[in-house]
Amino acid sequence: MSNPTIRVIDLETGGNGPNDVCEIGWQDVTQGADGRWQVDEDRGALLVNPGRPMSPDTIAIHHILDSHVADAPFWKDIAPTVLRPPHRIEALAAHRAAFEQRYCTPRLTGGLPWICTWKCSLRVWPELPRFSNQMLRYLRMPEGLVHEIGLPAHRAMPDAYVTAHHLRDLLNEASLEDLLAWSSEPGLLPRVPSGADRGKPWDRISEDALRDLAEDRDIDIRFTARAELTRRGEQPQPPVVDPPQGTLL
């Protein structure tokens with residue numbers, strides 16, 4: 001029986017369409033016999049043909065050209081080979097996984113659960129000032145991360161490699177079940193991200209301000225404000241549900 005494995009995924013895209021992936025990278029994280037998780041040697045990347053010219057805005061981020069992907073396979077053909085490898089995996093993971101999940105649909109993944117290392121980092125390392133993949137890399141300096149393998153940034157395999165080191169450390173501080181549960185909820189922000197109370201911990205915010213933030217347009221702000229109201233023993237306002245049809249035709 002193989003050791004439990006989680007596959008970290010990173011995508012680069014050529015636009016905002018549903019099939020605009022131009023590169024997929026992966027890095028496996030495996031649990032050893034001693035129960036500790038480790039980054040293993042199973043990593044790689046494949047170019048993907050998005051089927052149309054890529055936008056200059058996205059090329060300027062990852063520097064993958066149309067000529068690089070002209071002869072690459074299409075997303076629907078290559079994705080299952082990476083997302084459902086021959087060996088068993090317990091879950092897929094990504095930093096701000098909602099982006100990868102837009103393209104890695106349940107049909108392609110076989111319905112595997114996802115871990116979002118961004119959401120989990122908010123819970124496990126709330127004292128940190130920033131939570132982007134690269135900022136976590138240099139704020140935390142994860143043990144064993146080979147600097148050169150994690151470069152260049154904004155390419156699929158190096159970014160997956162960096163994310164895998166965050167995932168390894170998260171798994172060694174919290175359980176897989178906790179990470180999956182946290183990933184299924186909005187982000188629990190350690191500090192107010194904007195407005196008059198920007199930068200303050202939530203326990204220093206007035207109840208009136210919290211109730212306003214509990215109706216914010218941002219789902220992570222709403223979720224965190226309501227969690228703080230609940231922690232204080234206050235009842236957050238129920239979410240406003242828009243009617244299916246707001247106006248008569």
Side-chain angles (χ1 to χ4, degrees), residues 4-13 16 18 21 23-31 37-39 43 61 79 82-85 89-140 142 145 150 153-191 193 202 216-227:
T5 298
I6 298 170
R7 174 154 287 190
V8 177
I9 297 294
D10 186 85
L11 302 180
E12 302 300 329
T13 61
N16 295 316
V21 177
E23 187 179 37
I24 181 170
W26 67 92
Q27 169 67 69
D28 284 357
V29 177
T30 302
Q31 189 177 38
W37 292 83
Q38 57 196 10
V39 178
R43 68 179 72 98
I61 295 171
V82 177
L83 300 174
R84 289 185 283 175
I89 56 176
E90 308 298 319
L92 297 165
H95 201 73
R96 286 193 174 270
F99 177 78
E100 273 72 18
Q101 287 178 276
R102 287 169 51 190
Y103 304 93
C104 302
T105 61
R107 179 176 64 84
L108 296 174
T109 66
L112 283 168
W114 282 83
I115 294 171
C116 176
T117 52
W118 176 73
K119 290 179 180 179
C120 295
S121 296
L122 298 173
R123 303 266 192 163
V124 176
W125 304 308
E127 72 284 355
L128 295 179
R130 303 268 294 282
F131 295 91
S132 72
N133 200 34
Q134 295 298 330
M135 280 302 298
L136 286 174
R137 171 186 189 168
Y138 294 114
L139 286 168
R140 299 184 51 253
L145 193 159
H154 305 301
R155 289 298 299 266
M157 191 283 287
D159 282 359
Y161 174 77
V162 171
T163 301
H165 285 78
H166 305 321
L167 176 64
R168 175 202 64 191
D169 294 345
L170 289 165
L171 286 163
N172 286 331
E173 293 195 42
S175 69
L176 173 58
E177 292 72 23
D178 281 342
L179 267 57
L180 289 168
W182 295 336
S183 299
S184 70
E185 299 176 337
L188 188 69
L189 307 172
R191 291 168 293 280
W202 292 87
D216 194 271
R217 293 177 62 184
D218 184 280
I219 189 173
D220 301 318
I221 295 175
R222 290 200 309 271
F223 177 76
T224 309
R226 291 172 183 176

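Excluded from the calculations below are hydrogen atoms, water molecules and symmetry mates; all remaining heavy atoms, backbone and side chain alike, are included.
In this structure a side-chain-to-backbone donor-acceptor pair under 3.5 Å is missing from S121 to F131. Side-chain atoms of D220 do not come within 3.5 Å of backbone N or O of P186 as any donor-acceptor pair. R137 places no side-chain N or O within 3.5 Å of a backbone atom of S132 that could act as its donor or acceptor partner. R7 places no side-chain N or O within donor-acceptor distance of the main-chain N or O of P85, the cut-off being under 3.5 Å.
Between C104 and W114, some side-chain heavy-atom pair lies under the 4.5 Å cut-off. Contact check for L112 versus L83: no side-chain heavy atoms found under the 4.5 Å cut-off. Between T163 and Q27, every side-chain heavy-atom pair lies at or beyond the 4.5 Å cut-off. Between I115 and V8, every side-chain heavy-atom pair lies at or beyond the 4.5 Å cut-off. When side chains are defined from C-beta on, V124 counts as touching W182, because their heavy atoms get closer than 4.5 Å. For the pair Q31 and L171, the minimum side-chain heavy-atom distance is 4.5 Å or more.
Residues passing the side chain to side chain donor-acceptor pair (under 3.5 Å) test with Q101, sequence neighbours excluded: none. Applying the side chain to side chain donor-acceptor pair (under 3.5 Å) rule to H95 yields the partners T117; only residues at least two apart in sequence or on another chain are considered. Scanning for side chain to side chain donor-acceptor pair (under 3.5 Å) contacts around D178 gives S175, with sequence neighbours left out. Legend: residues meeting salt bridge (Lys or Arg N to Asp or Glu O under 4.0 Å) with E185, ordered by chain and number and at least two apart, are R123. In this structure, the side chain to side chain donor-acceptor pair (under 3.5 Å) partners of T30, at least two apart in sequence or on a different chain, are T5, D40.
Smallest separation of non-hydrogen atoms from R191 and P129: NH2-CA, 3.6 Å. Residues L179 and S183 share a closest heavy-atom pair of O-OG, 2.7 Å. Contact record, G187 with L122: CA-CD1, 3.9 Å, taken as the closest heavy-atom pair. Nearest heavy atoms, L108 versus A79: CD1-CB, 4.0 Å. Here the closest non-hydrogen pair linking A156 and G25 is CB-N, 3.2 Å.
Rounded to the nearest 0.5 angstrom, R168 CZ and E173 CD are separated by 10.5 Å. Expressed to the nearest 0.5 Å, how far OG1 of T224 lies from CD1 of I219 amounts to 10.0 Å. Here the straight-line distance linking atom CG of L180 with atom OG of S184 works out to 8.0 Å at 0.5 Å rounding. Interatomic distance, W26 CH2 to M157 CE, rounded to the nearest 0.5 Å: 9.5 Å. To the nearest 0.5 Å, atom CG of residue L139 and atom CH2 of residue W125 are 11.0 Å apart. Y138 OH to L145 CG: the interatomic distance, rounded to the nearest 0.5 Å, is 8.0 Å.
Sequence neighbours left out, not one pair with a member in residues 96-111 passes salt bridge (charged side-chain N to carboxylate O under 4.0 Å, His left out).
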Inset, instruction - Given side chain to side chain contact (heavy atoms under 4.5 Å, CB included), test W202 with L189 step by step and report yes or no. - result: CA-CA 9 Å; W202 292 87; L189 307 172; 4.1 Å; yes
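The one candidate from I6, D169, L167 that meets the side chain to side chain contact (heavy atoms under 4.5 Å, CB included) condition with W37 is I6. Partner of E12 under the side chain to side chain contact (heavy atoms under 4.5 Å, CB included) criterion, out of I24, V21, D159: D159 alone.
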